[in-house]
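Following: one structure in structure tokens, then a few remarks.
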Amino acid sequence: MKQEITTIMDENGIKKEMTVYVVEFFEDNRKKRVAFKTKTAAQKYEASLK
Amino acid sequence: MSSVSSTIPDRKFLLPFVSRYDFLGVADRFDNQVLDTTNKWTSIASGSGTVAIATSGGRNVVSCNTGTSLGSNAGLKPKLKIGLDGYSGTEAIAGMDIDVIIKFSHAWDNGVITDTTTTRLAISNSGSSMTQNDIIGIRNDAGVPTFVTDASGVETTTDISADWTETTWSWIKIRVLKNQAILYINGSEVANHITNVPTASVRDITAMINNSSTTATSFDIDYFAVTPLKSVIA
């Protein structure tokens, strides 16, 4: 799991930065990335993959 | 289909979903920024709705006009926008299939996009970034075709570079269900996302297919179809 800064756009089209927690893994030999807003959710997801 | 011309070359696919579409367009060629009306075949509608072919407007529209604003219909790129906007059926809709047989002739920024924001159709053309929120689609991540679902700016992505070559004829299907989006390429499931899937009503989703923002771009569409799924598919 790693922490990243992503850019989102609000309802008015204004760009904002947001921290996300990304889990990377391979599924059927394809690289997959799943981002979460909270570290807890990312950790829970990561644990479910094991 | 009686008006289908024989002048379109290089057609590779038969219509695999002909018995179940609700909206269907066939064989529209975009050459640079304009719809190639000489070689355009025809567009037909069935089921409960209509498909309008026009050079500007909202959903269910082939749009290829020129302009300067990326956030409007007047983008600098050929594009196709389809959805269930014209669907008038009263049945509950559990999901939607978007089918398209397409070939890009030049570099692409973003391939097949389902845009759940009904008022903002723009997607970024600045390199690989796509800053718009609430997306289901394929984009170019620094040259890597990537299936992406994005809910409020938080993404799930799958590298599909081994599955898709955008410059060859391909049948792309995106099945949109509640909290799930599945990508099929040439009949094979290549990505299945159950995280970070937009939650907008299926009826509000617009599928947009476009090419690079540069002026010398084109793509061919052999068929496209939008099919509402009226019962839950396991």
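Predicted model, so just to flag it, every value in this text is computed and none were measured.
Counting only heavy atoms from C-beta outward, the side chains of A:Thr6 and B:Val154 never approach each other to under 4.5 Å. Looking only at side-chain heavy atoms (C-beta outward), A:Lys32 and B:Asp159 stay at 4.5 Å or farther from each other.
Contacts of B:Thr195 with chain A are made by side-chain atoms alone, with heavy-atom separations under 4.5 Å and no backbone atom involved. At a 4.5 Å heavy-atom cutoff, the contact between A:Val34 and chain B is made by backbone and side-chain atoms alike.
Residues A:Met1 and A:Tyr21 approach most closely at SD-CB, 4.2 Å, considering heavy atoms. For the pair B:Ile174 and B:Gly137, the tightest heavy-atom approach, listed with the atom from each and the gap, is CD1-CA, 4.3 Å.
Within residues 38-50 of chain A, the residues having any heavy atom closer than 4.5 Å to a heavy atom of chain B are A:Tyr45, listed by residue number.
With sequence neighbours left out, the side chain to side chain donor-acceptor pair (under 3.5 Å) criterion links B:Asn192 to B:Gln180, B:Glu189.
Here CZ of A:Arg33 is found 4.5 Å from CD of A:Glu4. Values are rounded to the nearest 0.5 Å. Separation of atoms CZ (B:Phe147) and OG1 (B:Thr157) is listed at 10.5 Å; rounding is to 0.5 Å.
Between chain A and the residues B:Thr149, B:Ile160, B:Asn196, the most heavy-atom pairs under 4.5 angstrom are made by B:Asn196.
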